[in-house]
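Input: a single structure, listed below in structure tokens.
Each chain gets a letter, A, B and so on, in the order its sequence line appears, and its residues count up from 1. In this text the structure is predicted, and so the values were computed from the model without any measurement.
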Amino acid sequence: MSTRASAATARALSRDSGFVPPLHGFASYESAAAQFAASGPAWLRQLRAAGLETFRQLGFPTTRIEDWKYSDTTPIVRELFQPPLPSPETQVDLGLWKPWLYSECARLVFIQGRLVASEVAALAQPDQVTLLSLQDALAKEESYVRRVLGACAPLNERSFTALNLALLHDGAWVRVVPGTRLTTPIQLLFVGGSVERPSILCPRNLIVLGDVAEATVIECWIGQSGASFFTNEVTEVVLGEEAHLTHLRIVEERGAMLHLGLTTVQQSRGSTYRSQVVTFPGQWTRVEVLTRLEAQGATAFLDGLFVANDNSFVDHHTAVDHVHGGTTSRQLYKGVLDGAAHGVFNGKVFVRPGALKSDAQQMNKNLLLSDNAEIDTKPQLEIFADDVKCSHGATIGRLDDNALFYLRARGVPADEARRLLIYGFANEIVERVPLEIAERSLRAILQRRLAGAPQED
Amino acid sequence: MSMSKQPLLEIRNLHVSVDGTPILRGIDLLIHRGEVHAIMGPNGSGKSTLCYVLAGREGYTVTKGQVLYEGRNLLEMSPEERAHAGLFLAFQYPVEIPGVGNMYFLRTALNAIRKHRGLEPIDAMDFLQLVREKAKLVGIDERLLKRSVNEGFSGGEKKRNEVLQMAILEPTLAILDETDSGLDIDALRIVADGVNALRNEQHAVLAITHYQRLLEYLVPDYVHVLVGGQIVRSGGPELAAELERRGYADLEPQATATLQ
């Protein structure tokens, strides 16, 4: 299919369905899919085939789709992304990523979608947790993987999820046995991109906590400098009864890096999902967190922070589904936008019929630092039950002139005062980060990105 | 006070407007090192405007007159330059700054001023010791220091925090904008003690107040009465007591009293 024809088709499709095919056609995605199609058990091959078929039918969403109204996928549609070149099995020097290797953590490191390091020696309870690449997990505990994969991230009309499934090759597998309070945090480090050609990466992570299990998982998504790539990742989380997961996700990208992340969570009775998503986008980033509170006492805390400048686009979508009554959710997302950055927050809370005594709060606060920065914020409540407690809100503001003057009147130079206030705004999220080394790491990034935020005491 | 000595602050015929409305209408004031001045006046007389103009807040237009600080044109200096030069305003309504730790803020402010004085940033341990000592002096709970700047502080705690900052930064000219308002008598005494500790030949204080109460603890050398944007009377500490008895009612802004 020629580029011209493809563009015409794209417009036609767009008018009809709100989806467009890739500008260069499906060929590169199909060849990427073909690379993995034959590997793995039959059920997985079928899943991949179904994913590819759905993606072929849908293509990419356009802004005509309500959920993509502010998220123009053109940068993804127009680029010719190809699967990563197979890399020679040489030793990888992790020293390059040293600031990202959090001490005290057990860790898997993926470069260009390929597992390059598995550092599990730090695990204090090695028998109570399985920390493997998805490929290794398929070899060792296929029946577990089969039960989880795709279960909480159904395809529906989700073309990116379908694409992830079509290209599914590897990812991380974290399973904590019931009753285990995992003392060692787990870090999953993903380094994307090669400078040779724009690549597409579709990792799938699965996190399963048994009843009364507890764990902290930190995902870090970064890129090789100068690389152009598109990460289309999906993480599925299944929490047993009274299970508690703290899930920190950091995306720090730059330049021509595109990132789409989807995390879907299933929560059983009394479980707690504590999510913190912090994004420093490259060209285009969208991160979605969807959680289903399926039984009494399930609680979700969703925090987010995005700091964008230049021409970056960053979008945070959340959906908390109060399927059952007596469930609680709290959301706080904060955005700092400078330059000509464009930010989006779209948070949904659903309270299903009969989900009595649901308690949901949602807040999005944004700081606009330049006249060209833009934010579209849309906190939404959809309530189909009585006797619930729900609130939502959004604020958009500039730096507080009173605070700025107060700092300057104490001798703090104007530019430093500005940075201090921005840092203070972001700090509300950063100080909630559970692991000190991750908190320090985030402060360092903030410092770099804001050039002059305070050093740790 | 020797007349030949250069004044620390010299305000000459200062006229200030806000959004085109004249607020200060010809202020003259001389403050020398070592002196404590009090400005009293009813609401709306321009007391806070005077404070903000001296500290360099935006939104105030000087239409006439000048202000010299140590012989320099104060009005040309940025707020931070004024702070570096030793001017300090204790705010009537201290600002809450969520996410910025009080300790960090104090140290940033102190180091900014030290830098201006050609000093190295203060050592972390020395700073901690300094803060502890001063916190004790102004009776501020150390736990408040660990919180964000003024966040969730009571009115009295915010005022004490202002005095703590003053005690740490040791300004040459401290301007107190109704620091006494909203304080109970114990807090008032502590605030006054904090100010009195600064009182020596090198420093000067300009205390703006609505009530005479503060001046019982902080005995001023001079009292000025500000009404309708003009200083209508000046005198010694006895003037404050007189105002307390008779109020401001019979004081009209006409002939501007001159000092000395």
[X] atom [atom1], over 12 foreign heavy atoms within 6.0 Å:
| X | atom1 | answer |
| --- | --- | --- |
| B/Asp19 | CG | no |
| A/Arg398 | CZ | yes |
| A/Asp371 | CG | no |
| B/Gln129 | CD | no |

> Is there a ring-ring contact (aromatic ring centres under 6.0 Å, His included) between A/Tyr406 and B/Tyr93 once you walk through the steps?
Replying inline: CA-CA 10 Å; A/Tyr406 189 66; B/Tyr93 303 108; over 10 Å; no

Between [X] and chain A, with a heavy-atom cut-off of 4.5 Å, which part of the residue counts as in contact: side chain, backbone, both or neither?
| X | value |
| --- | --- |
| B/Pro94 | both |
| B/Ala124 | neither |
| B/Asn150 | side chain |

Compare all side-chain heavy atoms of [X] with those of [Y] and state whether any distance is below 4.5 angstrom.
| X | Y | value |
| --- | --- | --- |
| A/Asn427 | B/Val100 | no |
| B/Thr108 | A/Glu416 | yes |
| A/Glu428 | B/Pro98 | no |

>> Counting only non-hydrogen atoms closer than 4.5 Å, does A/Ala414 touch chain B with its backbone (N, CA, C, O), its side chain (CB onward), both, or neither?
In response: both

> Which atoms of A/Asp400 come close to chain B, meaning under 4.5 Å heavy atom to heavy atom: side chain ones, backbone ones, both, or neither?
Replying inline: side chain

> What's the spacing between A/Asn402 CG and B/Arg57 CZ if we round to 0.5 Å?
Replying inline: 4.5 Å

> Could you give the distance from CG (A/Leu420) to CD1 (B/Ile97), rounded to the nearest 0.5 Å?
Replying inline: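 Nearest 0.5 Å value for the CG-CD1 distance: 7.0 Å.
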
> Is the centre of the A/Phe405 ring less than 6.0 Å from the centre of the B/Phe91 ring?
Replying inline: yes

> So, A/Arg410 and B/Glu162, do they make that salt bridge, N to O below 4.0 Å?
Replying inline: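 Yes, charged N to carboxylate O under 4.0 Å.
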
>> Shorter than 4.5 Å, heavy atoms on both sides: which option in B/Ala83, B/Ala112, B/Pro79 has the most such pairs with chain A?
In response: B/Pro79

